[in-house]
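What follows is one structure encoded as structure tokens, with my remarks underneath.
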Amino acid sequence: MKFVIPRGRLMVNSMNLLKSAGIDIDIDDERKLVFRKNGNEIILPRARDVPVYTEYAGDIGICGTDSLAESGADLFAPLPLNFGICRLSIIAPAGYTIEDLEGMDIATKHPVITEKYLNSREIHANVIGLNGSLELAPETGIADAIVDIVQTGETMRKNHLVEIKKIMDIQATLVVNRVSQKTKYDEINKFIEMVGEADGNRKLCEKYTGRY
Ligand code: PRP
């Protein structure tokens, strides 16, 4: 089986999850991107590229629900996981409300979700795509507000910003290649069952796979 695991914040939990399902491959070289053992393979792209790698080169991936929504990849998402819990929110200097966003510049690493949200609210704003450290955008005047991930809220507060509206809740999720779902049906279900057993996700497995 080919597993697509994100580098970065979700990596440790993701590797522990694989271990709990009996897939124990040591990631012993920071610069290597593919690891193989006992017929299994782990590939390690950046978090936001997990959906596309799972769609075109993997069987099972782990990514945030935000990365999945942002990518538009056609994947089966059978099991939400109990980590990577955070939210995607509109954040601005104190005093702004959502009505103030009309005509403003909004910086984000999530342009697809942001555009969709603004369209659904009929807010006409200019979305600026950036790759990180978004809190710099209001500070330097390149944007009025940002759409960014809030976990503890610490980064936002340290940069004198406040959350004005949550757009979506985020958590890690298992994603499955739709072809593999058919051609490796038994292996994939067995993996999902083992993850459920090991990680206290039994209830979620019941709900999402109907296999218990
Ligand atoms: C994320 C996010 C915020 C921060 C939120 O950035 O974009 O900046 O974490 O976390 P907090 O609410 O716990 O403070 P990340 O560290 O992934 O780096 P980046 O901004 O360079 O993408």
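First listed ligand is number 1; within each ligand, the first listed atom is number 1.
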Check your understanding: Where's the contact between Thr155 and ligand 1, heavy-atom distance under 4.0 Å: side chain, backbone, both or neither?
Key -> both

Point to revise | Element-labelled atoms of ligand 1 that are located less than 4.0 Å from some non-hydrogen atom of Val150 | key: 12 (O)

**Study point:** Ser71 side-chain N/O to Ala73 backbone N/O, donor-acceptor pair under 3.5 Å
**Key:** yes

**Study point:** For atom 21 (O) of ligand 1, closest protein heavy-atom neighbour
**Key:** Ser133 N, 3.4 Å

Exercise for review: Please determine if Glu154 and Arg157 form a salt bridge, counting it only when a charged side-chain N lies under 4.0 Å from a carboxylate O.
Suggested key: yes

Check your understanding: Does the distance from a Lys or Arg side-chain N to an Asp or Glu carboxylate O, for Arg178 and Glu55, drop under 4.0 Å?
Key -> no

Practice item. Would you mind running through ligand 1 and noting each atom that sits below 4.0 Å from a heavy atom of Thr152? Key: 11 (P), 12 (O), 13 (O), 14 (O)

Practice item. Could you tell me whether some N/O pair between Met156 and ligand 1 is separated by less than 3.5 angstrom? Key: no

**Study point:** NZ or CZ of Lys32 within 45° of Phe35 ring axis and under 6.0 Å
**Key:** yes

Check your understanding: Which ligand 1 atoms, with their elements, are less than 4.0 angstrom from a heavy-atom of Asp148?
Key -> 2 (C), 3 (C), 7 (O), 8 (O)

**Study point:** Pairing of Lys184 and Asp59 as salt bridge, 4.0 angstrom limit
**Key:** yes

Check your understanding: At a 4.0 Å threshold, what atoms of ligand 1 neighbour a non-hydrogen atom of Gly132?
Key -> 19 (P), 20 (O), 21 (O), 22 (O)

Exercise for review: State yes or no: are the ring centers of Phe3 and Phe191 separated by less than 6.0 Å?
Suggested key: yes

Revision key, fill the gap. So CG of Leu134 and CG of Asp148: to nearest 0.5 Å the spacing works out to 4.0 Å

Review point. Strictly under 4.0 Å, does any heavy atom of Lys158 approach an atom of ligand 1?
Key: no

Review point. Are Val162 and Leu101 co-members of a hydrophobic cluster defined by side-chain heavy atoms under 4.5 Å apart?
Key: yes

Practice item. May I ask you to identify, for Glu135, whether its side chain, its backbone, both or neither come under 4.0 Å of ligand 1 on a heavy-atom basis? Key: side chain

**Study point:** Distance from atom 17 (O) of ligand 1 to nearest protein heavy atom, with residue and atom
**Key:** Arg9 NE, 3.5 Å

Review point. Please state which protein non-hydrogen atom is closest to atom 18 (O) of ligand 1 and give its distance, to 0.1 Å?
Key: Lys109 NZ, 4.3 Å

Exercise for review: Name the option, out of Ile149, Ile146, Leu134, that contains the heavy atom nearest to atom 5 (C) of ligand 1.
Suggested key: Ile149

Practice item. Using a strict 4.0 Å cut-off to heavy atoms of Glu154, name the atoms of ligand 1 that fall inside it. Key: 12 (O), 14 (O)

Study note, to complete from the structure: In this structure, CD1 of Ile25 is separated from CG of Asn38 (nearest 0.5 Å) by 7.5 Å

